[in-house]
Amino acid sequence: GRDFGNFNLLPAVQSITRAGANPTNASSVAFTVTFTEPVTGVDLTDFVLTAGGVSGAAITDLAGSGSVYAVTVGTGSGDGTLRLDLNDDDSILDAEGQLLGGTGVDNGDYTASEVYTVDHTPPSVVSIVRVNPTPTALATVSYTVTFSESVTGVDAADFLLTTTGLSG
(Lines give C-alpha, C1' and ligand atoms only; values in the text may rest on other atoms or scores of the structure.)
Protein backbone atom coordinates (compact mmCIF):
# COMPACT_ATOMS: atom_id res chain seq x y z
CA GLY A 1 0.00 0.00 0.00
CA ARG A 2 0.88 3.64 -0.02
CA ASP A 3 2.40 4.87 3.24
CA PHE A 4 0.74 7.95 4.70
CA GLY A 5 2.45 8.17 8.06
CA ASN A 6 1.17 5.19 10.05
CA PHE A 7 -1.69 4.52 7.63
CA ASN A 8 -1.30 1.94 4.83
CA LEU A 9 -4.15 1.74 2.32
CA LEU A 10 -5.35 -1.74 1.53
CA PRO A 11 -5.19 -2.90 -2.09
CA ALA A 12 -8.52 -2.81 -3.91
CA VAL A 13 -10.01 -3.22 -7.36
CA GLN A 14 -10.15 0.19 -9.03
CA SER A 15 -12.15 -0.95 -12.09
CA ILE A 16 -13.08 -3.83 -14.38
CA THR A 17 -13.72 -2.47 -17.88
CA ARG A 18 -14.50 -3.84 -21.33
CA ALA A 19 -11.38 -4.08 -23.51
CA GLY A 20 -13.34 -4.41 -26.77
CA ALA A 21 -16.30 -3.19 -28.76
CA ASN A 22 -19.76 -3.36 -27.24
CA PRO A 23 -22.22 -4.78 -28.23
CA THR A 24 -20.36 -7.78 -29.63
CA ASN A 25 -20.90 -11.01 -31.52
CA ALA A 26 -17.32 -12.19 -30.88
CA SER A 27 -16.67 -15.69 -29.57
CA SER A 28 -14.45 -14.22 -26.86
CA VAL A 29 -14.06 -10.85 -25.16
CA ALA A 30 -11.54 -9.33 -22.78
CA PHE A 31 -11.87 -7.32 -19.59
CA THR A 32 -9.17 -5.08 -18.12
CA VAL A 33 -8.89 -5.42 -14.35
CA THR A 34 -7.12 -2.51 -12.67
CA PHE A 35 -6.08 -2.55 -9.03
CA THR A 36 -5.26 0.53 -6.92
CA GLU A 37 -1.65 -0.68 -6.62
CA PRO A 38 0.54 -3.57 -7.83
CA VAL A 39 -0.65 -6.92 -6.51
CA THR A 40 0.29 -10.60 -6.79
CA GLY A 41 -1.65 -13.82 -6.36
CA VAL A 42 -4.23 -13.01 -9.04
CA ASP A 43 -5.52 -16.18 -10.73
CA LEU A 44 -8.58 -17.40 -12.64
CA THR A 45 -10.29 -18.59 -9.45
CA ASP A 46 -10.52 -14.96 -8.30
CA PHE A 47 -13.09 -14.20 -11.00
CA VAL A 48 -16.69 -15.16 -11.62
CA LEU A 49 -19.00 -14.44 -14.56
CA THR A 50 -22.48 -13.04 -14.19
CA ALA A 51 -24.40 -13.97 -17.33
CA GLY A 52 -27.91 -13.03 -18.37
CA GLY A 53 -29.38 -14.91 -21.34
CA VAL A 54 -26.00 -16.31 -22.42
CA SER A 55 -25.15 -19.96 -21.78
CA GLY A 56 -21.81 -21.73 -21.81
CA ALA A 57 -19.75 -18.59 -21.19
CA ALA A 58 -16.46 -19.26 -19.40
CA ILE A 59 -13.34 -17.49 -18.17
CA THR A 60 -10.55 -18.82 -20.38
CA ASP A 61 -7.35 -16.83 -19.80
CA LEU A 62 -5.58 -14.40 -17.50
CA ALA A 63 -2.54 -12.28 -18.32
CA GLY A 64 -0.82 -9.32 -16.73
CA SER A 65 1.04 -8.27 -13.64
CA GLY A 66 1.42 -5.35 -11.28
CA SER A 67 -1.78 -3.35 -11.15
CA VAL A 68 -3.28 -4.28 -14.57
CA TYR A 69 -4.54 -7.69 -15.69
CA ALA A 70 -6.46 -8.90 -18.76
CA VAL A 71 -9.11 -11.58 -18.39
CA THR A 72 -10.40 -13.36 -21.51
CA VAL A 73 -13.91 -14.77 -21.53
CA GLY A 74 -15.53 -17.12 -24.05
CA THR A 75 -18.97 -15.68 -24.78
CA GLY A 76 -20.80 -19.01 -25.09
CA SER A 77 -24.05 -19.03 -27.03
CA GLY A 78 -27.26 -17.07 -27.05
CA ASP A 79 -27.90 -13.38 -26.65
CA GLY A 80 -27.63 -11.45 -23.40
CA THR A 81 -25.07 -9.87 -21.11
CA LEU A 82 -21.77 -10.81 -19.50
CA ARG A 83 -20.16 -9.18 -16.48
CA LEU A 84 -16.85 -10.18 -14.92
CA ASP A 85 -16.74 -9.87 -11.14
CA LEU A 86 -13.86 -10.34 -8.71
CA ASN A 87 -14.60 -12.70 -5.83
CA ASP A 88 -12.04 -12.06 -3.06
CA ASP A 89 -10.70 -15.34 -1.67
CA ASP A 90 -7.72 -13.72 0.16
CA SER A 91 -5.18 -14.87 -2.46
CA ILE A 92 -4.40 -11.34 -3.75
CA LEU A 93 -1.93 -9.18 -1.83
CA ASP A 94 0.25 -6.12 -2.26
CA ALA A 95 4.03 -5.76 -1.78
CA GLU A 96 3.56 -5.25 1.99
CA GLY A 97 1.57 -8.48 2.28
CA GLN A 98 -1.76 -6.74 2.82
CA LEU A 99 -4.70 -8.74 1.48
CA LEU A 100 -7.19 -7.33 -1.03
CA GLY A 101 -9.83 -5.59 1.05
CA GLY A 102 -8.07 -6.74 4.22
CA THR A 103 -8.16 -10.11 5.96
CA GLY A 104 -11.36 -12.02 5.29
CA VAL A 105 -12.88 -13.50 2.16
CA ASP A 106 -15.33 -11.45 0.10
CA ASN A 107 -14.41 -8.08 1.69
CA GLY A 108 -12.50 -7.13 -1.49
CA ASP A 109 -15.24 -8.28 -3.89
CA TYR A 110 -15.93 -6.10 -6.94
CA THR A 111 -19.25 -6.29 -8.79
CA ALA A 112 -19.46 -2.84 -10.45
CA SER A 113 -17.88 -4.06 -13.70
CA GLU A 114 -18.76 -2.89 -17.18
CA VAL A 115 -21.09 -5.27 -19.02
CA TYR A 116 -20.80 -6.71 -22.52
CA THR A 117 -24.00 -7.08 -24.52
CA VAL A 118 -23.59 -10.29 -26.52
CA ASP A 119 -25.57 -10.73 -29.74
CA HIS A 120 -24.88 -14.07 -31.44
CA THR A 121 -28.12 -14.11 -33.44
CA PRO A 122 -27.65 -12.58 -36.90
CA PRO A 123 -30.37 -10.24 -38.14
CA SER A 124 -32.90 -11.67 -40.57
CA VAL A 125 -35.67 -10.35 -42.78
CA VAL A 126 -39.00 -10.79 -41.00
CA SER A 127 -41.18 -9.53 -43.83
CA ILE A 128 -41.32 -7.65 -47.12
CA VAL A 129 -44.76 -6.07 -47.54
CA ARG A 130 -46.11 -4.28 -50.58
CA VAL A 131 -47.04 -0.66 -49.77
CA ASN A 132 -49.08 0.07 -52.92
CA PRO A 133 -52.37 -1.64 -53.79
CA THR A 134 -52.38 -4.34 -56.41
CA PRO A 135 -53.06 -4.48 -59.28
CA THR A 136 -51.46 -1.13 -60.09
CA ALA A 137 -50.62 1.00 -63.07
CA LEU A 138 -47.95 2.93 -61.17
CA ALA A 139 -44.50 3.27 -62.75
CA THR A 140 -42.86 2.58 -59.39
CA VAL A 141 -44.03 0.66 -56.35
CA SER A 142 -42.75 0.54 -52.77
CA TYR A 143 -42.17 -2.21 -50.24
CA THR A 144 -41.61 -2.10 -46.48
CA VAL A 145 -38.80 -4.40 -45.34
CA THR A 146 -38.80 -5.37 -41.66
CA PHE A 147 -35.72 -6.90 -40.01
CA SER A 148 -35.56 -8.90 -36.79
CA GLU A 149 -33.42 -6.17 -35.20
CA SER A 150 -31.94 -2.77 -36.03
CA VAL A 151 -29.49 -2.96 -38.94
CA THR A 152 -27.23 -0.57 -40.82
CA GLY A 153 -25.71 -0.56 -44.30
CA VAL A 154 -28.89 -1.49 -46.16
CA ASP A 155 -28.93 -0.18 -49.74
CA ALA A 156 -30.46 -0.99 -53.16
CA ALA A 157 -27.68 -3.49 -53.94
CA ASP A 158 -29.03 -5.72 -51.15
CA PHE A 159 -32.24 -6.44 -53.08
CA LEU A 160 -33.10 -8.37 -56.22
CA LEU A 161 -36.26 -7.54 -58.19
CA THR A 162 -38.14 -10.51 -59.58
CA THR A 163 -40.88 -9.78 -62.11
CA THR A 164 -43.48 -11.93 -63.81
CA GLY A 165 -45.85 -11.10 -66.63
CA LEU A 166 -44.43 -7.66 -67.36
CA SER A 167 -43.82 -6.39 -70.85
CA GLY A 168 -41.80 -3.37 -71.82
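Computed from a predicted model, the values in this text were never measured in an experiment.
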Distance-minimising heavy-atom pair for S91 and D46 | OG-OD1, 2.9 Å
Sequence neighbours left out, what passes side-chain hydrogen bond (donor to acceptor under 3.5 Å, both in side chains) with N87? Give chain and number order.
-> none
Grab the two heavy atoms, one from V48 and one from I59, that are nearest each other, plus how far apart they are.
-> N-CD1, 3.9 Å
Does the D88 side chain pair with the main chain of G108, one donor and one acceptor, at a distance under 3.5 Å?
-> yes
Run the numbers on T32 and V68 for side chain to side chain contact (heavy atoms under 4.5 Å, CB included), then give the verdict.
-> CA-CA 7 Å; T32 301; V68 180; 3.8 Å; yes
Does some side-chain heavy atom of T36 sit less than 4.5 Å from a side-chain heavy atom of L9?
-> no
Donor-acceptor under 3.5 Å (D61 side chain, T72 main chain) = no
Between D158 and G153 the two heavy atoms that sit nearest each other are OD2-O, 3.4 Å
Taking side chain as C-beta onward, heavy atoms only, is V42 less than 4.5 Å from F47?
-> yes
Close side-chain approach of L86 and I92, heavy atoms under 4.5 Å | yes
Is the closest side-chain heavy-atom distance between D94 and F35 below 4.5 Å?
-> no
Check whether any side-chain heavy atom of V131 lies under 4.5 Å from a side-chain heavy atom of V141, and answer yes or no.
-> no
Measure the spacing between CG of D43 and OH of Y69 and express it to the nearest 0.5 Å.
-> 10.0 Å
Write down the atom of D79, the atom of H120, and the distance for their closest heavy-atom approach.
-> OD1-N, 2.7 Å
Give a yes or no answer on whether the side chain of Y116 reaches the backbone of L84 with a donor-acceptor pair at less than 3.5 Å.
-> no
Could you tell me whether the side chain of N25 and the main chain of D119 form a donor-acceptor pair under 3.5 Å?
-> no
Determine whether T136 and T134 make a side-chain contact, defined as any pair of heavy atoms from C-beta on separated by less than 4.5 Å.
-> no
Using atom types as modelled and distance alone, determine if a side-chain donor or acceptor of S127 lies under 3.5 Å from a backbone N or O of V129.
-> no
Taken to the nearest 0.5 Å, the spacing of F31 CZ from T17 OG1 works out to 9.0 Å
Taken in chain and number order and not counting sequence neighbours, the residues that satisfy side-chain hydrogen bond (donor to acceptor under 3.5 Å, both in side chains) with D85 are T50, R83
Using atom types as modelled and distance alone, determine if a side-chain donor or acceptor of N132 lies under 3.5 Å from a backbone N or O of S142.
-> yes
Transitive ILVMFWY side-chain link L10 to V33, under 4.5 Å | no
Partners passing side-chain hydrogen bond (donor to acceptor under 3.5 Å, both in side chains) against S55 (at least two apart in sequence or in another chain) = S77
Which pair of heavy atoms, one from V39 and one from P11, lies closest together, and at what distance?
-> CG1-CB, 3.8 Å
Taking atom CG of D90 and atom OG1 of T103, what is their separation to the nearest 0.5 Å?
-> 6.0 Å
Between G97 and L93, which heavy-atom pair has the shortest distance, and what is it?
-> CA-CD1, 3.6 Å
Quick one: CG on D89 to CG on D106, what's the gap to the nearest 0.5 Å?
-> 8.5 Å
Exercise: do T24 and N22 side chains pair donor with acceptor under 3.5 Å = no
Please tell me if the side chains of V125 and F147 come closer than 4.5 Å, counting only heavy atoms from C-beta onward.
-> yes
Is it true that a side-chain atom of E114 and a backbone atom of R18 form a donor plus acceptor pair closer than 3.5 Å?
-> yes
Mark yes or no for whether T81, through its side chain, and T117, through its backbone, hold a donor-acceptor pair below 3.5 Å.
-> no
Separation of E37 CD from Q14 CD (nearest 0.5 Å) = 11.0 Å
Beyond-backbone contact of L49 with V73, side-chain heavy atoms, under 4.5 angstrom = yes
Determine, using the 4.5 Å side-chain heavy-atom cutoff (strictly less than), whether Y110 and L44 are members of one ILVMFWY cluster.
-> yes
